[in-house]
Chemist: 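Submitted below is the structure of interest, expressed as structure tokens.
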Protein chains: 2
Amino acid sequence: MSKIIPARNGTKKDAIILKAATLFRKKGYVAASMRDLAESMGVEASSLYNHIGSKQELLQSICFKVALKFNNELTAITSAKGKVVPRLEALIRFHIHMMIDAYDEVHVANHEWKQLHEPYLGNFLQERKAYENSLIALIEEGTAAKELKPIHPHVAVLTLLSAVRGLEFWQRHKKSVTADELETDMINHLLTGLIQ
Amino acid sequence: MSKIIPARNGTKKDAIILKAATLFRKKGYVAASMRDLAESMGVEASSLYNHIGSKQELLQSICFKVALKFNNELTAITSAKGKVVPRLEALIRFHIHMMIDAYDEVHVANHEWKQLHEPYLGNFLQERKAYENSLIALIEEGTAAKELKPIHPHVAVLTLLSAVRGLEFWQRHKKSVTADELETDMINHLLTGLIQ
DNA sequence: CAAAAAAACTAATATGCGTTAGTTTTGCTG
DNA sequence: CAGCAAAACTAACGCATATTAGTTTTTTTG
């Protein structure tokens, strides 16, 4: 018999959620079994149920924890005063840092939300939509102030969000590019383009 | 009893693969069952096996069909003569068109390749890596010719590929932005930036 | 140190899965 | 229309799954 070790500054439940995020990222939510998860914690599958309600609850915790963090940051940024460009830059930097600090959880929220049950699925999509709309408003503010080029704001948001989401593929290049270089180059690319 | 209707200019197997792509995109490969697939074709699950080898084979067909199309196009573009920028532009346009014409299959190849068994998983990743490397070489060519800004080519490729991959989220906005507007705006954004 | 609570265990349940075997129906071909 | 191949069907297999029930072990508490 082994024991579940609580997460740093957290409960045993938190520890399970963290391991679940790693496992769900690696294998996908459906393909990852509770036995896999239990094994990775050195425990039998049924023992997990002393701490959690269900497998689905784990996914919900992960997805909404991530959503909350992004929402808090975006709210701070959109409600701040000042030029749009530096605020946009701050948001991109935040996305990059989230992808580095909470890689597994962000990855799972991005890829496995489909497996959420109702009403969580609907809530999650609604939060995403709201996030997108706030960002669209920020772009429009920038275009109106002539800080940004005239561009269809939906397209700009799509490009921005997709680009930062793609940071999940960056793990492979960690050796050749540092996080700082990445940040600088990506922000430059997204804000000022590739062409000399 | 119903019947499987062959794909236009194709076999019944092709028809199954097409439906599988749609189903795998909607529910994910693991969550999608052969019974789901059969039902969507108006047939019993076991009947599918008169035409296909296995569920896994369906995923393999989808992933490698997509990979082949992308590889062919990139080979044509990288081996062409001329300036880098218009070639890069052509590649981005190709990605956009693929996402519109073969949405389900591209989506599945992008999201479900993890579920490929060896040696297909290894082959697929190798093809992706080669694709990325060719694109990096193209960017480096552009930087050397001073057509492009000095940027870490890994970052540029990551940003470009991620942005076009994100087109899968565009279905929602089809009403407010046409494919042509999307193409123009995204290419402008990626090549010349957002800032006025 | 005894009682109580927490958390592990074993065993089992019901369900759904991919796939196979064997059989029947359909539809083409001579 | 007979014979044959293609393709559908029903039924079942073996296996993995999430979860529950009941029990035992460990840890905490008074």
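Below, chain A is the first sequence line, B the second, and so on; all start at residue 1.
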Chemist: Taking the minimum atom-to-atom distance to the side chain of A:I4, which one of C:dA8, C:dT19, D:dT19 wins?
Modeler: C:dA8

Chemist: Measure the acute angle between the ring planes of B:H95 and B:Y131, then classify it against the limits of 30° and 60° as parallel, tilted or perpendicular.
Modeler: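 Geometry flag for B:Y131 against B:H95: perpendicular rings.
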
Chemist: What pair of heavy atoms forms the shortest contact from B:S176 to A:H154, and how long is it?
Modeler: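 Heavy atoms of B:S176 and A:H154 come nearest at OG-CE1, 3.9 Å.
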
Chemist: Tell me: CG of B:L58 to C1' of C:dG18, nearest whole Å?
Modeler: 12 Å

Chemist: Can you tell me if B:S33 touches the phosphate of C:dC17, counting only side-chain N or O atoms and a distance under 4.0 Å to OP1 or OP2?
Modeler: yes

Chemist: If you find the nucleotide of DNA chain C closest to A:L48 and the one closest to B:I52, which residue's nucleotide is nearer the 5' end?
Modeler: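 Going by which nucleotide is closer to the 5' end, it is A:L48.
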
Chemist: In Å and rounded to the nearest 0.5 Å, what is the CD to CD distance from B:E147 to B:E141?
Modeler: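 These two atoms lie 8.0 Å from each other.
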
Chemist: Scan A:A31 against the nucleic acid and name what it touches under 4.0 Å (heavy atoms): base, sugar-phosphate only, or nothing.
Modeler: nothing

Chemist: Whole Å only: how far is the CD atom of A:Q56 from the P atom of D:dT19?
Modeler: 9 Å

Chemist: Just how far, in rounded Å, is P of C:dG18 from CD of B:E44?
Modeler: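 So the CD-P distance, B:E44 to C:dG18, works out to 14 Å.
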
Chemist: What's A:S47 touching, base or sugar-phosphate or nothing? Going by heavy atoms closer than 4.0 Å.
Modeler: base

Chemist: What's B:S54 touching, base or sugar-phosphate or nothing? Going by heavy atoms closer than 4.0 Å.
Modeler: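 If one applies the 4.0 Å heavy-atom cut-off, B:S54 turns out to touch the sugar-phosphate alone, with no base involved.
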
Chemist: Could you state the CE-C1' distance from A:M34 to C:dC9, rounded to the nearest angstrom?
Modeler: 16 Å

Chemist: Using side-chain contact (heavy atoms from CB on, under 4.5 Å), reason through B:L161 and A:F169 one step at a time and then give a plain yes or no.
Modeler: CA-CA 10 Å; B:L161 288 183; A:F169 298 102; over 6 Å; no

Chemist: Within the pair A:H51 and C:dA6, is there a side-chain N or O less than 4.0 Å away from OP1 or OP2?
Modeler: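 No, no such contact exists.
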
Chemist: Within this structure, what is the CG-to-P distance between B:L37 and C:dG18, rounded to whole angstrom?
Modeler: 9 Å

Chemist: Let's see if you can work this out: which of D:dA8, D:dA11, D:dA12 has an atom nearest to the side-chain heavy atoms of B:V43?
Modeler: D:dA8

Chemist: Give the rounded distance in Å between these two atoms: CD of A:Q60 and C1' of D:dA18.
Modeler: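 For the pair A:Q60 CD and D:dA18 C1', the rounded distance is 15 Å.
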
Chemist: Going by the rule side-chain contact (heavy atoms from CB on, under 4.5 Å), which residues pair with A:V30 if we only count those two or more places apart in sequence or in a different chain?
Modeler: A:Q115, B:V30, B:A31

Chemist: Could you tell me how far apart B:K12 (NZ) and C:dT26 (P) are, to the nearest whole angstrom?
Modeler: 14 Å

Chemist: What's B:A32 touching, base or sugar-phosphate or nothing? Going by heavy atoms closer than 4.0 Å.
Modeler: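 Counting heavy atoms under 4.0 Å across all strands, the contact made by B:A32 is with sugar-phosphate only.
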
Chemist: Quick one: bend of the helix from C:dC1-D:dG30 to C:dG30-D:dC1 from 5 pairs per end, to 10°?
Modeler: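 End-to-end axis angle for the helix from C:dC1-D:dG30 to C:dG30-D:dC1: 10°, rounded to 10°.
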
Chemist: How long is the line joining CD of B:Q115 and C1' of C:dC17, in whole Å?
Modeler: 15 Å

